[in-house]
Visitor: 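Questions regarding the structure given below will be posed in turn.
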Amino acid sequence: MDIDVKTLRTFCEVIRTGSFTSAAHRLGYSQSSVTAQMRALERQVGAPVFHRLPNGVRLTPAGSTLRGYAGQLLTLVGEMEEALRGPSATAPRLRVGLVPALAYGEQLARIAQFGRRLLPDVQLALRVMGTAEIHAALRAGGLDGAILLTGREHRPAPAAPVPVLSGAPGRAADRARTAVLAERASAVRERPEAPTEIPVQDLEFTPSTSAGARPPLACHQVVVADPDCPSQRWLPEFLRLRGGEPPESLELGSMDGVHATVTAGLGCAMLPTGLAAQPYGAGLAPIPGVPRMQWTVSLLASRTKEFREGHRQGLADAIRLALTCPA
């Protein structure tokens, strides 16, 4: 497969704007040029990447998978361009791990973009890694910091057990933790033909107040991207407590892959709001009886002379902007 950077940038711009026409306007191309690039891309991929709709476009499962890899490739290209400019090659290099639950879609590229803007005196090297890998790399000195999900302590009521998993190992004394913002997530599955009328409770680290009948969950396989991440461990544990047996688990390498798999009807998953909501969640439906949850996006930074307090604050601001500002 030989996809050029220009085509990937056009692909990401179509996602960002929601239509070929808007992407062409933003990029300074003709609409026919954007259409031709996307047709060539689909020939390379071997499947459609967009559903053409009357009011724009929507990603297909193949497009959702490609989106995650496109963001990572464009981030690496940006790092290469920065390094080849010259002066930045001598700047301090901060190696920061990022969990898959926060690296879906264009998030990786956006964090890198805001990071370069707010930290012009350093080279920011982002690496998508599992939660356990991140903690091991921090202990071994292979990373200077990490962006990961953590939780709060909570004791669920016996009548409606809601597990709250806090995170991984305890903090080392030489690392500083900064709580950046809250990340919400929903348990979803493929949208059924007859939508259920059972409302989904909107809970944030609180147990259900209803001790009545529990609806069937009908979710036998959970798709996860990072089995050690609290947001990914939570749903299998919830289903185990409700059903008495642990569900089967399918582990993939990215949240975009998880999204595509669930959209194809091959399981259920806990997805961040950005993937579970429109337009990306058009083929998905919330699982009845499963509460929405919320975790904390935290920046874990080593206390070294390279990773100064100003760098920690700048990176925290970059994460906040990337995850909250509209594209």
Side-chain angles (χ1 to χ4, degrees), residues 1-27 29-78 100-113 128 185-186 188-191 223-225 250 252-285 322-323 326-327:
M1 188 179 296
D2 185 17
I3 303 174
D4 60 67
V5 172
K6 176 183 175 181
T7 300
L8 288 178
R9 284 176 172 154
T10 301
F11 170 68
C12 289
E13 193 62 38
V14 173
I15 296 172
R16 185 179 296 112
T17 60
S19 74
F20 289 1
T21 303
S22 299
H25 179 74
R26 289 276 296 269
L27 294 170
Y29 300 153
S30 65
Q31 182 177 345
S32 60
S33 174
V34 171
T35 301
Q37 287 185 57
M38 294 303 96
R39 285 177 178 168
L41 176 62
E42 291 178 328
R43 286 195 297 272
Q44 289 280 341
V45 172
V49 296
F50 290 113
H51 291 298
R52 273 69 167 177
L53 306 175
N55 59 345
V57 297
R58 177 166 57 86
L59 284 171
T60 64
S64 295
T65 300
L66 178 62
R67 177 181 58 176
Y69 290 105
Q72 295 185 50
L73 287 171
L74 292 177
T75 297
L76 289 174
V77 170
L102 298 172
Y104 59 89
E106 299 172 36
Q107 305 289 49
L108 184 64
R110 284 170 58 79
I111 293 173
Q113 176 187 11
V128 180
S186 300
V188 295
R189 63 186 181 189
E190 182 188 23
R191 183 175 297 280
V223 191
V224 300
L250 174 62
L252 300 177
S254 70
M255 290 306 296
D256 291 293
V258 170
H259 174 272
T261 302
V262 175
T263 302
L266 301 179
C268 62
M270 181 67 79
L271 292 182
T273 300
L275 279 176
Q278 298 287 354
Y280 304 127
L284 303 174
L323 299 183

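Remember, predicted model here, so these are calculated numbers, not experimental data.
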Visitor: To the nearest 0.5 Å, what is the distance between CD (E13) and CD (Q37)?
Guide: 11.5 Å

Visitor: To the nearest 0.5 Å, what is the distance between CG on L252 and NE2 on H259?
Guide: 13.0 Å

Visitor: Should V14 and V49 count as side-chain neighbours, where that means a heavy-atom distance under 4.5 Å?
Guide: no

Visitor: Could you tell me whether the side chain of V258 reaches within less than 4.5 Å of the side chain of V224, counting heavy atoms only?
Guide: no

Visitor: Can you check whether L250 reaches L266 side chain to side chain, under 4.5 Å on heavy atoms?
Guide: no

Visitor: Quick one: closest heavy-atom pair of F11 and G63, and the distance?
Guide: CZ-O, 3.6 Å

Visitor: Just by modelled atom types, is the C268 backbone N or O under 3.5 Å from a matching donor or acceptor in the R189 side chain?
Guide: no

Visitor: Are any non-hydrogen side-chain atoms of F50 and M38 less than 4.5 angstrom apart?
Guide: yes

Visitor: Can you confirm whether R9 sits close enough to L27 that some side-chain heavy atom of one is under 4.5 Å from a side-chain heavy atom of the other?
Guide: no

Visitor: If we only count heavy atoms from C-beta on, is the R16 to R26 side-chain gap below 4.5 Å?
Guide: yes

Visitor: Nearest 0.5 angstrom please: Q44 CD to L66 CG, how far?
Guide: 11.0 Å

Visitor: Check whether any side-chain N or O of S186 sits under 3.5 Å from a backbone N or O of A276 as a donor-acceptor pair, and report yes or no.
Guide: no

Visitor: Do you know the tightest heavy-atom contact between G68 and D256?
Guide: CA-OD2, 3.0 Å

Visitor: Can you tell whether the side chains of E42 and R39 come within less than 4.0 Å, N to carboxylate O?
Guide: no

Visitor: Drop me the distance from L108's CG to L74's CG, to the nearest 0.5 angstrom.
Guide: 10.0 Å

Visitor: Minimum heavy-atom separation for L8 to A70, with atom names?
Guide: CD2-CB, 3.9 Å

Visitor: Rounded to the nearest 0.5 Å, what separation is found between the CG atom of L271 and the OG1 atom of T263?
Guide: 8.0 Å

Visitor: If I compare all heavy atoms of M255 with all of P272, which pair ends up nearest, and what's the gap?
Guide: CE-CD, 3.5 Å

Visitor: Quick check: are there more than 12 heavy atoms from other residues, nucleotides or ligands sitting under 6.0 Å from OH of Y29?
Guide: yes

Visitor: Using the side chain to side chain contact (heavy atoms under 4.5 Å, CB included) rule, take L41 and T10 through it: C-alpha gap first, then chi angles, then the decisive distance, then the call.
Guide: CA-CA 10 Å; L41 176 62; T10 301; over 6 Å; no

Visitor: Can you tell me if S33 and S30 form a side-chain donor-acceptor pair at under 3.5 Å?
Guide: no

Visitor: Restricting to non-hydrogen atoms, name the atom on L284 and the atom on R191 that form the minimum distance, rounded to 0.1 Å.
Guide: O-NH2, 2.5 Å

Visitor: Nearest 0.5 angstrom please: H25 NE2 to S19 OG, how far?
Guide: 10.5 Å

Visitor: Considering non-hydrogen atoms only, spot the tightest contact between V262 and G267 and give its length.
Guide: CG1-O, 3.4 Å

Visitor: Is any side-chain heavy atom of I111 closer than 4.5 Å to a side-chain heavy atom of L102?
Guide: no

